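Please read the structure below before turning to the comments.
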Amino acid sequence: MPIAKAPEAKTYLYRLRQELSDDKVSHCIFTAEYLSSFAVSLGIEHDDAVAAGLLHDFCRDYDAHELLDQARQFRLPLSEAQMAAPALLHGPVAAALCRQEFDINEAVYQAIYWHTTGRPGLEPLGQALVVADFAEPTRKFPEAVEAREQLRKHGFAAALLYVAEMKAAFSREKPVVDPNSQAFVLWLKSNTPT
Ligand SMILES: [Fe+2]
Ligand SMILES: [Fe+2]
């Protein structure tokens with residue numbers, strides 16, 4: 001179903017164009033479209049897929065100072081990794097701001113909040129956003145190409161585990177490792193039927 005069918009899509013796009021550079025707006029649109037293409041098969045509401053896809057990077061152009069400032073204003077918990085790399089806060093801050101401005105539901109809030117790292121217990125919309133954000137069709141790096149292949153050939157669970165493992169591997173190369181990425185992989189493995 002096209003993303004324009006979601007009643008709030010126009011409003012979100014209007015605001016995204018005020019907040020983000022053109023290439024990031026384009027990434028958000030592709031993420032929402034890609035997410036919508038497989039969301040219904042996972043039992044996810046189309047409107048929720050569109051909201052999460054479009055809004056997930058709402059704060060991606062905020063600098064470190066703005067992210068820390070907003071996080072403190074919303075009283076979001078700050079981890080050691082987020083303090084060291086405030087860009088990790090762009091999901092949590094976007095979730096808080098979008099809940100305030102657009103009245104998004106809890107599933108969309110959680111999906112936006114956790115889209116960078118995932119976490120144990122992440123619900124289907126959040127899981128789907130992790131895959132769509134990483135593998136939307138304009139992402140050209142080899143791991144994104146492989147993730148699209150996994151989704152096409154082996155289904156959502158395989159694609160999700162692949163993406164989570166790749167993100168955890170990237171995260172391990174950072175000076176401060178975000179423990180949620182690693183915990184998400186372990187949780188997925190413990191929940192994957194063998
Ligand atoms: Fe993001
Ligand atoms: Fe993104």
Side-chain angles (χ1 to χ4, degrees), residues 3 6 9 12-13 15-39 44 48-64 66-68 70-71 74 76 78-79 81-99 101-102 104 107-119 122-148 151 159-160 162-171 173-174 176-178 180-181 184:
I3 62 171
Y12 298 157
L13 280 167
R15 288 289 289 115
L16 284 181
R17 292 194 174 101
Q18 293 177 321
E19 296 290 325
L20 295 173
S21 59
D22 288 351
D23 61 328
K24 292 203 181 72
V25 172
S26 169
H27 161 67
C28 291
I29 293 170
F30 277 106
T31 301
E33 285 181 345
Y34 191 49
L35 178 46
S36 300
S37 74
F38 60 83
I44 295 166
D48 289 350
V50 172
L54 285 180
L55 296 174
H56 77 284
D57 276 342
F58 192 71
C59 299
R60 195 68 189 87
D61 281 341
Y62 281 26
D63 62 26
E66 285 173 303
L67 287 169
L68 285 166
Q70 289 285 349
F74 282 109
L76 301 175
L78 287 171
S79 69
Q82 289 165 334
M83 295 290 281
L88 285 168
L89 285 165
H90 78 272
V93 171
L97 278 170
C98 290
R99 183 154 71 182
E101 180 168 345
F102 305 117
I104 52 172
V108 173
Y109 175 87
Q110 292 291 331
I112 295 173
Y113 194 109
W114 293 103
H115 81 266
T116 308
T117 59
R119 66 159 167 78
L122 189 66
E123 289 173 359
L125 178 61
Q127 297 178 13
L129 179 58
V130 167
V131 172
D133 180 29
F134 187 90
E136 55 92 343
T138 64
R139 300 277 213 196
K140 300 295 184 222
F141 52 95
E143 294 85 356
V145 175
E146 175 62 25
R148 291 194 287 276
L151 184 62
L160 175 62
Y162 175 77
V163 169
E165 285 186 319
M166 289 304 106
K167 289 181 72 120
F170 296 158
S171 155
E173 292 167 10
K174 302 273 166 60
V176 179
V177 177
D178 188 303
N180 289 304
S181 300
F184 186 42

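Read the numbers this way: they start at 1 and go in the same order the structure lists the ligands and their atoms. None of the values given here were measured: they were computed from a predicted structure. Positions are given from 1, in the same order as the sequence printed here.
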Side-chain contact test, heavy atoms from C-beta onward, threshold under 4.5 Å: evaluate it for F102 versus V108 and give yes or no.
-> no
If you measure from CZ on R15 to CD on E101, what distance do you get to the nearest 0.5 Å?
-> 4.0 Å
Between H27 and D133, is any side-chain donor less than 3.5 angstrom from a side-chain acceptor?
-> yes
Are the aromatic ring centres of F134 and Y34 under 6.0 angstrom apart?
-> no
Specify the closest pair of heavy atoms between L67 and H90, including all atoms of both residues, with the distance to one decimal.
-> CD2-CA, 3.8 Å
Around the Fe ion (ligand 2), what protein N, O or S atoms are found below 2.8 Å?
-> H27 NE2, H56 NE2, D57 OD2, D133 OD1
Could you pull out every donor-acceptor pair under 3.5 Å between side chains of residues 163-170 and any protein atom, sequence neighbours left out?
unit_1	atom_1	unit_2	atom_2	d
E165	OE2	K189	NZ	3.0
K167	NZ	T116	O	3.1

